[in-house]
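Step one of this worksheet: look at the structure below.
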Protein chains: 2
Amino acid sequence: MQRTYTIRQLTKEFDVTARTLRFYEDEGLIAPERRGQTRIYSNRDRARIILILRGRRVGFSLAEIREILDLYDTHHDGGVKQTLHARRKFEEQLHKLERQKVDIEDSLVELRRAIGAIDSAIADGKLTAPSVESHRVAAE
Amino acid sequence: MQRTYTIRQLTKEFDVTARTLRFYEDEGLIAPERRGQTRIYSNRDRARIILILRGRRVGFSLAEIREILDLYDTHHDGGVKQTLHARRKFEEQLHKLERQKVDIEDSLVELRRAIGAIDSAIADGKLTAPSVESHRVAAE
DNA sequence: CATAACGCTTACGTCAACGTCAAGCGCGAT
DNA sequence: ATCGCGCTTGACGTTGACGTAAGCGTTATG
């Protein structure tokens, strides 16, 4: 198991640009070490990137993602107050995602219905007629 | 069942600004009629708005949403080619949403795990100690 | 040793999705 | 008749999430 990664390795693995990874660093989402100027990414950094990209795919803003990452970092060594704050935030995200899941399932149902309708129209031969633009429209 | 709506009614119903609805019109997502200058939204417009907002919530861009709406409009009266194009596009969206659903489910699992961990820490009384900032830290 | 290949910083550019004025029109109530 | 309200059309501003170009240092390869 590799311990460290260059920026280039990660860009290829996750299909993001180096600009993006540096930007995430500027925004405080990751903090790779340096050997001189050069960034050295650890497995921890890599794990965070995976979380970031998944968060991005499900529609979280970078600010929200940063907040979650911070909570994961700090809710252990903070006091009760910090921990309860983290719990509340986690539940917020939870509810947001649950709503989103419903939206997605509804959309999936509709899309499958639309595709099914197209397929049965094709099966019924209702679409074998060429379009309006057909060059055979007047023959028959 | 109401047949038409003012812009204000819709902004209240869906909690969006009038600016947003006008913007969607500029972008070709809806096309309400006019009584003079004033926009009159039909049930069809309203249905499209519902689709737009749900699409937005699940992370589609307005361009993607417009494409889908256009497909719903035109794949009926187009020829076979149009219809098959629509089918392909619908399947693209379908796969995108399925991937997204997996991401969401994974995120939900993690969030529930994190919340569960917090809860058991609390139940075990491992969090009753005040934070570092405590005013009683030196007494004992 | 020159020239990629990779890495860095700084800084301006871009695109989507609206927000935010500014200025004006129609119209029902006072 | 004018007040204010709601609606309208520009047009510029803003925010998030990067893209892109300039310019430079380091490593490796023919």
For [X], which contact category applies under a 4.0 Å heavy-atom criterion: base, sugar-phosphate, or nothing?
X      : result
R39(B) : sugar-phosphate
R8(A)  : sugar-phosphate
R35(B) : nothing

Worksheet item: Taking all atoms of both residues into account, what is the closest heavy-atom pair of Y41(B) and T6(B), and its distance?
Response: CD1-C, 4.1 Å
Practice prompt. Could you pull out the closest heavy-atom pair between L97(A) and S107(B), with the gap in Å?
Written response: CD1-CB, 3.5 Å
Measure the spacing between [atom1] of [X] and [atom2] of [Y] and express it to the nearest 0.5 Å.
X       : Y       : atom1 : atom2 : value
L111(A) : I104(A) : CG    : CD1   : 11.0 Å
R56(B)  : I65(B)  : CZ    : CD1   : 8.0 Å
L69(B)  : L29(B)  : CG    : CG    : 6.0 Å
L10(B)  : T17(B)  : CG    : OG1   : 12.0 Å
D26(B)  : R22(B)  : CG    : CZ    : 10.0 Å
I68(A)  : R66(A)  : CD1   : CZ    : 12.0 Å

Worksheet item: Mind checking which nucleotides bracket the chain B contacts on DNA chain C, 5' to 3', with an atom under 4.0 Å from a heavy atom?
Response: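 That gives a stretch of dA17(C) to dT20(C).
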Worksheet entry | Below 4.0 Å: OP1/OP2 of dC18(D) and any side-chain N or O of Y24(A) |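 The answer is yes; a side-chain N or O of Y24(A) sits under 4.0 Å from OP1 or OP2.
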Item to complete: Would you indicate, yes or no, if dT20(D) has its OP1 or OP2 atom less than 4.0 angstrom from a side-chain nitrogen or oxygen of R19(A)?
Response: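 Checking R19(A) against dT20(D): no side-chain N or O falls below 4.0 Å of OP1 or OP2.
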Practice prompt. Check the distance between dT20(D)'s P and F23(A)'s CZ and give it to me in whole angstrom.
Written response: 15 Å
Worksheet entry | Nearest-Å distance for atom pair CG/C1', residues D26(A) and dC18(D) |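 After rounding, the reported distance stands at 11 Å.
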Item to complete: Measure the acute angle between the ring planes of F90(A) and Y72(A), then classify it against the limits of 30° and 60° as parallel, tilted or perpendicular.
Response: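 Judged by the thresholds at 30° and 60°, the geometry between F90(A) and Y72(A) is tilted.
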Worksheet, complete the sentence: The side-chain contact (heavy atoms from CB on, under 4.5 Å) partner of L21(B) among I52(B), D45(B), I49(B) is I49(B)
Discussion item. Between Y5(B) and N43(B), does the side-chain hydrogen bond (donor to acceptor under 3.5 Å, both in side chains) criterion hold? Intermediate values first, please.
Written reply: CA-CA 8 Å; Y5(B) 311 82; N43(B) 278 321; 2.4 Å; yes
Worksheet item: How sharply is the helix from dC1(C)-dG30(D) to dT30(C)-dA1(D) bent, taking the axes over five pairs at either end and rounding to 10 degrees?
Response: 20°
Item to complete: List in numerical order all residues of residues 46-73 of chain B for which some heavy atom is under 4.0 Å away from an atom belonging to DNA chain C.
Response: R56(B), S61(B), L62(B)
